[in-house]
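Nothing here was measured: the structure is a model prediction, and the numbers come from that model. Naming convention: chains lettered A, B, ... in sequence-line order (proteins, then strands); numbering from 1 in each chain.
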Protein chains: 2
Amino acid sequence: MTNISASKRKPGRPAKGGLEFGDTREALLRSGTELLTEKGFNSTGLDEILKRVNVPKGSFYHYFKNKEAYGCAVIDNYSQYFIKKLNSHLLNEEHPALDRLQAFMQDAMQGMEKYDYKRGCLIGNMTQELGSTNACYRDKLSKAFAIWQSLVADCLELAKQQGALAKDTDSTLLADFFWIGWEGAVMRSKLSRDNKPLELFSAQFFQLLPKP
Amino acid sequence: MTNISASKRKPGRPAKGGLEFGDTREALLRSGTELLTEKGFNSTGLDEILKRVNVPKGSFYHYFKNKEAYGCAVIDNYSQYFIKKLNSHLLNEEHPALDRLQAFMQDAMQGMEKYDYKRGCLIGNMTQELGSTNACYRDKLSKAFAIWQSLVADCLELAKQQGALAKDTDSTLLADFFWIGWEGAVMRSKLSRDNKPLELFSAQFFQLLPKP
DNA sequence: ACAATTCTAGACGATCAGTCTATAAATAAC
DNA sequence: GTTATTTATAGACTGATCGTCTAGAATTGT
């Protein structure tokens, strides 16, 4: 006898608030991403993360081993999201390669403005706060930067093929330089509460690109 | 009747451990500078700061109104120290202007290595952690960056006079760009635990300088 | 009815910034 | 030399908040 409507339901007590299966976990990750980006990891209490999505405290340790494991999951989650966002620009064949990078920066600036320059980049923030202490975070953050770097390097390689960059350009080096400076600019824009540092870095970066 | 040896002594109980006058306060600032730079403001407890210099808790609130005021004092203290350090290079008339900037960077890299890439820059760290929230900190941090920027700009102006830079160089713009990128590089070096990001930024920055 | 599974409820001890009262140790005034 | 004033120490205490854990409630499967 198969109950069609409930056949996919797992056994066990259902989650509060009508959330299904993995929904609670994802809701926790979402609220955590926002809060950790804005206030930092150590300054954000579990209570606040839980309250925001109306999940009881007892549930937290059902979904995550501890706060550190939760932090890792949040990083993974944000990393995936950010790679998609980055690629949505860098692989956009409607525009030449260099314009794509430009478009990503404009998009990021809008994001900064949208949240009143209070958030910035989770990866950058976590790097500053925990990069030099925690081993697990260090690894995840390094890998995130490595991927971003390679995506931008690919984009610069394409620009070379498109004749927008000099043939002898070291794309890898430039991509590294880009992310070093970009994260610095994000930080400074959080402080000045405007996009001037981001604009300044963007303009200078494009100016230093070796033209063919 | 004037007691020469004690005439400058204030009344009141002397500080513990043979410390004189403002020494205890300064000791608190020093231990705080180290700890706040390494672990961040919110993650550092007063107890730890106090224990390190063997000052009882009761004394803390004699010297500082609260933790926030203490944080401000630490920032002020570090700002002054850093300006001296920066000027010791940028005003060093034994070398041409651009070499002075180079020397500062080398010095900073040695500092990073000395503390196992765990500290970095207090101003940068505080900017990331508190720059977008606390008004008092925001003001102090912005001013610190503004001063640093003007010192580097002056140095670049001098380099122009010395014929090391093109006459139409925008020193202010370049100095801004320098600090944006440099703080980004410090952050990344904390993560990678080596000076590669700092070296990379340094090399690229000098390469992009418009030669005469 | 009973086991297995999933999620919740809230107690728990540790630690946090911050406060308070008491007092010790010095100088200054008389 | 006694007393007043000033400066700094001492550390118990509070209330809030932290991350963690154990017991049990709510569901499905047998």
Side-chain angles (χ1 to χ4, degrees), chain A residues 1-28 32 35-36 39-74 129-130 134, chain B residues 1-29 31-32 35-36 39-51 53-74 130 134:
Chain A
M1 203 132 63
T2 52
N3 185 333
I4 297 171
S5 69
S7 63
K8 281 163 192 166
R9 186 76 173 81
K10 288 183 292 185
R13 178 173 176 172
K16 206 171 146 189
L19 294 173
E20 287 290 328
F21 310 124
D23 283 5
T24 305
R25 195 185 135 97
E26 276 179 34
L28 285 172
L35 282 166
L36 297 197
K39 311 196 348 171
F41 182 75
N42 286 317
S43 304
T44 306
L46 293 183
D47 288 331
E48 196 177 353
I49 296 167
L50 294 162
K51 194 171 191 180
R52 189 172 277 219
V53 284
N54 200 31
V55 169
K57 194 164 193 174
S59 297
F60 183 84
Y61 287 86
H62 172 65
Y63 293 103
F64 303 98
K65 188 188 156 203
N66 51 32
K67 199 191 178 190
E68 186 189 356
Y70 173 70
C72 285
V74 169
E129 186 181 1
L130 308 161
N134 185 294
Chain B
M1 204 131 66
T2 53
N3 185 333
I4 297 171
S5 68
S7 65
K8 283 164 190 165
R9 186 75 173 82
K10 288 183 294 184
R13 178 175 175 170
K16 208 172 142 188
L19 296 172
E20 287 290 330
F21 309 124
D23 282 6
T24 304
R25 195 186 134 97
E26 277 179 32
L28 285 172
L29 288 179
S31 79
L35 283 166
L36 298 197
K39 313 195 348 170
F41 182 75
N42 287 318
S43 305
T44 306
L46 292 183
D47 291 331
E48 194 177 355
I49 296 168
L50 294 163
K51 195 171 190 178
V53 284
N54 200 30
V55 169
K57 195 162 196 173
S59 296
F60 182 87
Y61 287 89
H62 171 64
Y63 292 104
F64 303 98
K65 187 188 156 203
N66 51 30
K67 200 191 177 189
E68 186 189 354
Y70 173 71
C72 285
V74 169
L130 308 161
N134 185 295

Mind calculating the distance between CD (A:Glu68) and P (D:dC18) to the nearest angstrom?
-> 18 Å
C:dA17 phosphate, OP1 or OP2, under 4.0 Å from B:Tyr70 side-chain N/O = no
Hey, is the side chain of A:His62 poking within less than 4.0 Å of OP1 or OP2 on C:dT6, counting only N and O atoms?
-> no
Can you tell me how far C1' of D:dT7 sits from CZ of B:Arg25, to the nearest Å?
-> 15 Å
Measuring from B:Leu28:CG to B:Tyr63:OH, what's the distance to the nearest 0.5 Å?
-> 7.5 Å
Under 4.0 angstrom between B:Ser59 side-chain N/O and D:dT9 OP1 or OP2 = yes
Atom CZ of B:Phe64 to atom P of D:dT9: distance rounded to whole Å?
-> 12 Å
Provide, to the nearest angstrom, the distance between the CG atom belonging to B:Asn66 and the P atom belonging to D:dA16.
-> 18 Å
Go through the N and O atoms of the side chain of B:Lys67 and the base of C:dG18, and report whether any donor-acceptor pair is under 3.5 Å.
-> no
Interatomic distance, A:Phe60 CZ vs C:dC12 C1' [rounded to whole Å] = 18 Å
Between atom NZ in B:Lys57 and atom C1' in C:dA17, what is the gap in whole Å?
-> 6 Å
Straight-line distance of A:Leu35 CG to A:Ile49 CD1, nearest 0.5 Å = 6.0 Å
Per the under-4.0 Å heavy-atom filter, residues of residues 43-52 of chain A near DNA chain C come out as none
Can you measure from CZ (A:Phe60) to NZ (A:Lys65) and round to the nearest 0.5 angstrom?
-> 12.5 Å
OG1 of A:Thr44 to CZ of A:Arg52, rounded to nearest 0.5 Å, is 9.0 Å
Please report the closest heavy-atom contact between B:Thr24 and B:Val55, naming both atoms and the distance.
-> CG2-CG2, 3.7 Å
Does B:Tyr70 use its side chain to pair, donor to acceptor, with the backbone of B:Leu46 at less than 3.5 Å?
-> no
Quick one: list whatever passes salt bridge (charged side-chain N to carboxylate O under 4.0 Å, His left out) with A:Lys57, sequence neighbours left out.
-> A:Asp47
Distance check: side-chain N/O of A:Tyr61 vs OP1/OP2 of D:dC21, anything under 4.0 Å?
-> no
